[in-house]
Structure formats: structure tokens, C-alpha cells
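Inspection log for the structure reproduced underneath, given as C-alpha cells.
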Amino acid sequence: MTQPQTQPRAYEPAAIELKWQAHWDAAGTHEVRDDLPREQCYYVLEMFPYPSGKLHMGHVRNYSIGDAVARYKRMRGFHVLHPMGWDSFGLPAEQAAIERGAHPRTWTYDNLAYMRGQLKRLGLSYAWSREFATSDPGYAAREQDIFLDLVEKGLVYRKSSLVNWSTGLNTVLANEQVIDGKCWRTGMPVIQKELPQWVMRTTHYAEELLQGTYELKGWPDAVLTQQRNWIGKSLGAEIDFAVEGHAGVKITVFTTRPDTVFGVTFLSIAPEHALLDGLVPTSHRAAVEAFKAETRAVSAHDRTGDTAEKKGVFTGAHVINPVNGERVQLWAANFVVADYGTGAVMAVPAHDTRDFEFARKYGIAIKTVIAPAGGAAAPADAAFTEAGVLVDSGPFTGQDSAAAKTAITAWLQESGTGRQTITWRLRDWGISRQRYWGNPIPFVYGETSGAVPLRKQDLPVTLPDDVTFDGIGNPLEKHPTWATTAADGTPLSVRTAHGPEAARRETDTMDTFMESSWYFARFTCPDFAGPLEQKRVDHWLPVDLYIGGIEHAVLHLLYARFFQKALCDIGYSTVREPFKRLLCQGMVCMETFSRPLADGKKQYFYPDELDIDKDDSGRIGAARLKADGQPVDVGRVEKMSKSKRNTVDPQRLIDTYGADTARLFVLSDVPPELDVQWSENSVRGSNRFLKRVWVLVQANLAALQAATPFAGHAKDLAGADQALVRKVHWAVKRATDALEKDFAFNTAIAACMELTNELKPEALSAPVFALGVTSLLRLLAPLAPHLAHELWAELGNAADITAAGWPAYDATQIDADEAEMPVQVNGKMKGKIVLPRSLAGAALEAAVLAHADVVALIGDRPVRKLVVVPGKIVNLVLG
RNA sequence: GCCCGAGUGGCGGAAUGGCAGACGCAGCGGAUUCAAAAUCCGCCGUUAGAAAUAACUUCGGGGUUCAAGUCCCCGCUCGGGCACCA
């Protein structure tokens, strides 16, 4: 036997991928115009990365999803805006400076350049001309512009308050950045500290932010629920309690249960409450001061967290309940938070679990004023916290809770001792950070004139390069001249009524969540001279599809929604919600391997360091450290992270299998929202599939080049040809539905695999085989773009496969003429019959009943009911 | 404690109320090979059976329906979020 004359070309991903990437780069293939009708445009955006050094698998997944959508939409004829940039201010750069001596700017831009190369190596179809980094002078300068506009509009203000101070970062954190009382980045404790702060007035939009959560139909419920919880709207009443012996002084409480006001037996007040010091008699001063000192010493979390003990001290003062004139004690209590509600709470131990515990502990009276409705028994040794019927409540006795809330609030309102109120959990967003590598806040402080905004023509404030990093305090503050020198090198001054006076710059920089709050708008007009060009912003926003991790549910995604509304109110846009549809992709996970350490923590090991045993089903049974041969603990599958040493470097994946395989793998196993488990076997499966497609085309190249794909109707064919044409239309429908509905790439890929399994050239006519191959390549183009482009070109197509468009399907070509219909008896599967699909109604029922198999199944039993769903099922209900 | 979400073969998962387990992975058998890798073909939920086949099977228990993985109620387990928020 002779060898074939020419071996089919082997699948060498690196070669074809680099070739196409160079082509896309040189041709600017993925740039997009801003002047086309909006309904033909689509804006898809993935959350831009922090340039930490190199891409991780989470990035690969995030960007592969976005790119598949972008390429799919282009094939459907949309003009797609698909930009990418860098969230490049932030702490790791300063950490690197401290640890390695690299300047933050150098470190950041080196990383960014390397990662840009990795993105290009993945073949992601970005409009690279729009790329920017948020630390670029142009972007930072325009953000300073916006900041001044926000100040002018009253949406930024300065206030001195207790702030969350991260002991790890030596900087302030917003509430959202405190997780379980610890810093969201370092996990170090957070303490309370009094500092002057620049603050964004997020609460101005509380109602609109909440309302939006009911209107954003394209967002996952989980995110909307989290935002609602975070905003925390609470409807209730404020009630004023006069303080005995202090004429005109009153303590106002906030309550959601005004129906229980007759049951008040004491008042609890935050230790920091502004009125407290003035009310404490000398006899109690020492005790109260000691208590205040004690609560100040612990973090907010330790003080009010779920394990914290409820503590309080009697202040010596008494207050008067406005509804019944009763005199009750005023207590300071650690669980009352100064900046929620009014910082004071009316305590009703009979009907509030927390007050109940507190009253028990300190021996305070408990007075029942609500009885369970319908005469049920109240709990014997606990607070009854549900709604019920009022007892012992003066004129309101006998009303139910709901009616009494309204009636009592109205009574309070009339008597001037209370009012209906809404309280929010959402606080304003403090954005001052005591850091170098962030955007400077464009303010200066005159010696006597206080905080003065810079004039816009004096912007931008740029960061000095000559700074030292020793990890203690803010480098900007310690710089010898920066804070006191103007851009032209002269001493910094501000004008006052009495002439110029020396001034000092604000040395705090902005929270880096500022930059990520408007980058999606800047992508629409990155070349614009001012901050934002409204015409283009309004053209492209809202982002049609925004893709990122769910960990940003209440941080970035709430700030961005706030910022967009603020941008509207300072005239940069009219689009009030930035993201129409939100897709939160799951994490990339892998097993962990560890050993317990003496201090209760774990020492983690890289898989490379271990010998791993797998059982017959491929599951990991046990693992031993190569170094000592002793076993290690096999942990559960967790999100890949450096600290747990369960990471896979995507670069190795690309180098070994190519970008198309890497992309296909992260899309193929699960739908985008679910966590995906790393599996080298699954990667090899993706690679095997691509190789099969490659070989199928290469081995039949000449025939495919010569053939014209079949363009007729399946009904005019027979046998394998007919079946394959039906399969093509089936696969196209399935892939289209999967992408349109939920971006379910996993099922779209499954449809491609099924189609491939049927593509047997020896059994098919050349035109039908060509139809199958060209359809398959077009379906694969968004998922494995390099392979699809290369094979498409090899088939002799001059135009790009993107231009060929997404294939259309014809529903009439999917089903065969005869339908196989399962037959059930009383709902149980008993067999199958084949009937012409053309039959319907009574004719179909008659044909079913006449079918020999059905006759046999019925036997001599009476047919009580016959259910026939054409093409689907027959159910015989027999007696 | 409150609010979401999810429970389907050995594994990841699929399934407009209509044949549960598509597709992939792993496994088993075979072809090819001196051999291996790669590739190709076949089998592959559980139990009984040589087999045809039968029974069972989508966390557990009820219900609605001709028909339930899917809808409703109760419970269990897991994951996520919120939480002295008055």
C-alpha cells in the first residue's frame, strides 16, 4: 500500500492563532464607529482588570464569555463596541514599591503591557484604539474635572466623622469595603477613627437606587436582592422623649414598631450620641465615661457583631414617654449605632428580642402591650416580636398592630411629639484614601480660608514621581515640596479677600472605585477633550451586556449606578442606569491540598509538589508530598487563589493547547453563571474536538473547495443526506436559542459536537457535506475564532467568516415526515409508534387507536381517556 | 435569626409540564501499532436476568395533572448574602 501523496496539514494552533491576531491588529478589524443607528449597535463590556501582573483563569473565563458574545453579535449584523482598559490605580502597586523598590508607575505599566500581550494572545476582539488606563494622566485629569462638578452640585462634601480605619492599609475604608469587621483586601482589623473625609452623597439617590432594583429586569435577582438589603429602606416613626430636668431637650428615637410604644420601659442611646454628655448627672459621670472608653476601644464589628455581648450603663437621666407620660430610665448601650436612625432606640423588652435580653441582664421591667392575634399564647420566656392585638395601650387598646401603627403615628404627629419617617441603611460614600497611587483630590487648604477647590484651568493635579515608600503613612504627605508647590514651581497660594495666602494641597487621593464608576462611559468617547461627550455617551449607554464576578454586587455595581445618576445631574448624560443586562460569571475552582499548622491555619501545597492518587472514577483519593512521602489533606474544591496554591497559569494552557482550546474549555462545561471546576481532562476534550474539526476539513479540503453547499430543502433529499440537513437546521436552532436565551455556551457547544459526530463524508453527497462543514464553522466562529477563520479561508472564501454571518435555520427542515411517538398507558411508558407528522386532530387520534401496537396495549380494557400531543406523546388512560 | 439560590449516573452537566440522563469527562471492550501515545468503532443509571425483558430511578414526604426533574405545600442538606439596623 502506498501512503497518501500529501499528508493533511496538522493542527498547529500557535501558528494560525498568531497569524490571525497579527491580522486583526494590523487591520483594526474590531474597531467600531459611533454614528450608526443605535438599534444596530451592541455594547458588550467585561469588568476591566487590575494590572496585577498576569492574567488568571478567572480573567480568561470572564473575557472568553464577553468575546464570544461580541463575535456572535457581530455575526448577527450588530456594530459591536467591545473595549478594554485597565483599573490601574490601587494598593498593590504601592505594596510592590515597598517590597521590591519598583516605582508604582513602572510596576503598573510593565504589568499592563504584559497582560495586554496576553489578552491579544487569547485573540479577544477588542477595539484597542479605545484602550486606556485609569492612571493615565488624561483619565485622572478628567476625573478631577468631574469631581469639581460634583462638588459644585453638592454631590461631594467634606465632613469629619468616625471612619473605618484599616490597620493593614493605614487608610480609610467605605462601609462596603469592611467585611466581617475586617479589611476587604488584607483581612486586617478595622477600627473606628475620627477623620475629615471627602464624601459622595450616595444617599441623595437612595430612593432611585432602590427603585432601580425593581426595574433592572436584566440583572440577576441575587445582585438586586443584595443591593436592596444594602440600601435598607425602613419605614417607621420618630418619637420624641422629653428629658426630665432639661427643659426643651428631647431624645428622638427611630422605631419600626410605633404600635409598641406603650410598652417602653427604658431608652437606649449610642455612647457617642451628641446629647449624652449634657444629660449625665455628676453622680453617674464616671461610670458613663468608663463605658464610653470601653466601647471606643473595640471595632464596630466586635462591638455590634453577632458574638458581641450586649452591654450598657444607666446614665442617671430619665425621659418621659409622650404617649402615657411614664418616666423611664435612659441607658447608654453598646449595640446602639450612632449613625443609623437617630442613634437612640426606645426599648420594648416584651416585644424585641434584644431589648428583652438587655432588660433581663440589668433587671429592668418588662411590660406586655401586644397579645398574639386569635387568642394564641405568648411565648413564656422570650419576647413576642410578631404583630398582634394591642393591650394595656390606652385609647389604642384592642386595635391590631397594623392599624395601631398608623393611628399612633398620626396621634404623635398631631401632638407634635413624633412623625412618620423613612430610614436608610445606605450611607454616603467616603472616598478619601491616605495613599500615593490614586487620583489626587483637586483641593487646597488656605491657612485661614479652609478647603478651596482648584480652578479647572489649574487641573490636573499630577502625582510627583520622587516619592519614598516605607510603608508608614502617606508618601504624598511626607513629600518635601509637592503639597506646597504650584504646577509652575511657585509656592502654592489661594486668593482671599485680604490677598493671597499660603496653601497646602489635599494629600489624600480618591478611592479607586471612583475610576471604575465611569470608565464604561469614557470608553464611548476616549478621545474626547472634556470628561465625557454626552452625544456619544447617550448613544452607547446603557451597556447592553456587562459581565463580571458577583463579588462586586454591592461595591462596584452600586457605586457605578450612583455615579451614572450623578453624571446625569451634572450634565454629562441622560441615561440614568449604566448596565441594561448583567451577567455574573461563576468562579474557576480547583481542589486544595494542605496540612494543618500549629496555629490552626493551613499550609497549602501546589499540585506539582504532590503525588496524587485517583480512583477508577477519576476522583482524587489521597495525596502525598513528594518531599517527604507523607500524606496531605485533600480539601474541597475552592476558588483558585494564590494563597491556597490551587491555581493554574492560563499561559501554560495557551502554550500547550492554544488560545482556542483555552477559550472553548472555559465555556464548554457549565453555563456561565455556575462555578467551573478545573479539569485537565476536560481541556484535552476541548482540544480533541477542535482537532477533529480541523482534520475533518483538512482531509476533505479539495472536495470541499470544489463543492457548493446544499441550499435546497431537506424534503427533496433522502437517507443520510436528508438526515444531515435536518441535523444542521437542528444544531443551528439549538445554538441560536442557547445563546439568545441565557448565553448557554455549554449547550451551544454540545450542539456543535453533535453535528460534528454526524459529519461523515463517505456517507454524504459533496454539497450536503459542504453545508454541514460551513454551518459548523460559522457556529464555532465566536467560540474558537482562530480555527474557524483559518479553515474558512482555506475553503477558498475571500471574505472573513464574520462577514458570512451567523447561520439561519428553517424550522420546517428540522423534523422528519414521520414522528416517533412514545405511548404511555396510565402515564407509564409502554412503547413507541411511528405516524405521519401530517396527521392532526381526529384523524391522528383515529390513526393512533388503529395502530396494531396500541390495539395490543389496550387489550380488552375500556379507553377512559386518550391524550395525543402531536409529535410528542400518546397517553392511554385505561380502566 | 432573616432573605436568596441550588440538590439529576462514577464526575461536569442536558431536558418550552410530554421518551430523564443530550454533549463531554472518566471507565470497559475492540481496531490500528513490534509496543506505546495519538486516532477510530462499540458499550456505559440501579437491580434481577445468559438474553429478550421487567421493576426501580431526578434529596425526603405530601399534593395538582392524562402526564412532574419541571408547578404547589412541608421537611432535609449544601452554597451565597444580610444581621444587635431599632
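Just so we're clear, the structure is a prediction, and the values are computed from it rather than from any experiment. Lettering follows sequence order; numbering is per chain, from 1.
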What's the [atom1]-[atom2] distance between [X] and [N], to the nearest Å?
X        : N     : atom1 : atom2 : answer
A:Glu357 : B:G1  : CD    : P     : 14 Å
A:Leu690 : B:A38 : CG    : P     : 17 Å
A:Asp675 : B:G13 : CG    : C1'   : 14 Å
A:Trp424 : B:C85 : CH2   : P     : 19 Å

Grab the N/O contacts between the protein and nucleotides 2-4 of chain B below 3.5 Å, and write none if there aren't any.
none

Taking atom [atom1] in both [N] and [M], compute the distance separating them and give it to the nearest angstrom.
N     : M     : atom1 : result
B:A52 : B:U58 : C1'   : 28 Å
B:A38 : B:G27 : P     : 11 Å
B:G10 : B:C43 : C1'   : 16 Å
B:C59 : B:G7  : C1'   : 6 Å
B:C85 : B:U77 : P     : 25 Å

(message) Main chain of A:Glu638, side chain of A:Asn646: is a donor-acceptor contact present, judged purely on distance under 3.5 Å?
(response)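 Judged by distance alone, yes, a pair lies under 3.5 Å.
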Look through every strand shown and name the nucleotide pairing with [N] as Watson-Crick or G-U wobble, where both distances are under 3.5 Å.
N     : value
B:C78 : B:G5
B:A14 : none
B:G27 : B:C43
B:A67 : none

(request) Examine B:C56: is either OP1 or OP2 under 4.0 Å from a nitrogen or oxygen in the side chain of A:Lys828? Give yes or no. (result) yes
(request) Check whether any side-chain nitrogen or oxygen of A:Arg734 sits under 4.0 Å from OP1 or OP2 of B:C23, and answer yes or no. (result)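 Negative; the distance criterion is not met.
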Filtered N/O pairs between nucleotides 16-21 of chain B and protein, under 3.5 Å:
from  : atom 1 : to       : atom 2 : distance (Å)
B:C19 : O2     : A:Lys832 : NZ     : 2.5

(message) Closest-nucleotide mapping onto RNA chain B: is A:Arg684 or A:Lys691 further toward the 5' terminus? I mean the 5' end.
(response) A:Arg684
Of the options [options], whose atoms approach the side-chain atoms of [X] most closely?
X        : options             : result
A:Lys865 : B:C66, B:G13, B:A26 : B:C66
A:Met753 : B:G24, B:A83, B:G13 : B:G24
A:Thr256 : B:C84, B:A86, B:A26 : B:A86

(request) Classify the nucleic acid contact of A:Ser679 as base, sugar-phosphate or nothing, counting any heavy atom under 4.0 Å across all strands shown. (result) nothing
(request) Would you indicate what A:Asn757 reaches in the nucleic acid, counting non-hydrogen atoms under 4.0 angstrom: base, sugar-phosphate, or nothing? (result) sugar-phosphate
(message) Using a 6.0 Å cut-off, check whether atom CZ of A:Arg419 has over 12 heavy atoms from anything other than its own residue.
(response) yes
(request) Determine whether more than 12 heavy atoms belonging to other residues, nucleotides or ligands lie under 6.0 Å from atom NZ of A:Lys872. (result)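 For A:Lys872, atom NZ is not crowded (no more than 12 foreign heavy atoms under 6.0 Å).
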(request) Could you give me the CA-CA distance, side-chain angles and deciding distance for A:Phe358 and A:Phe335, then say whether ring-ring contact (aromatic ring centres under 6.0 Å, His included) is met? (result) CA-CA 10 Å; A:Phe358 195 87; A:Phe335 61 82; 5.5 Å; yes
(request) List for me each residue that meets ring pair (Phe, Tyr, Trp, His ring centres under 6.0 Å) alongside A:Phe745, sequence neighbours excluded, and say none if there are none. (result)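 Partners of A:Phe745 by the ring pair (Phe, Tyr, Trp, His ring centres under 6.0 Å) criterion come out as none, since no residue qualifies.
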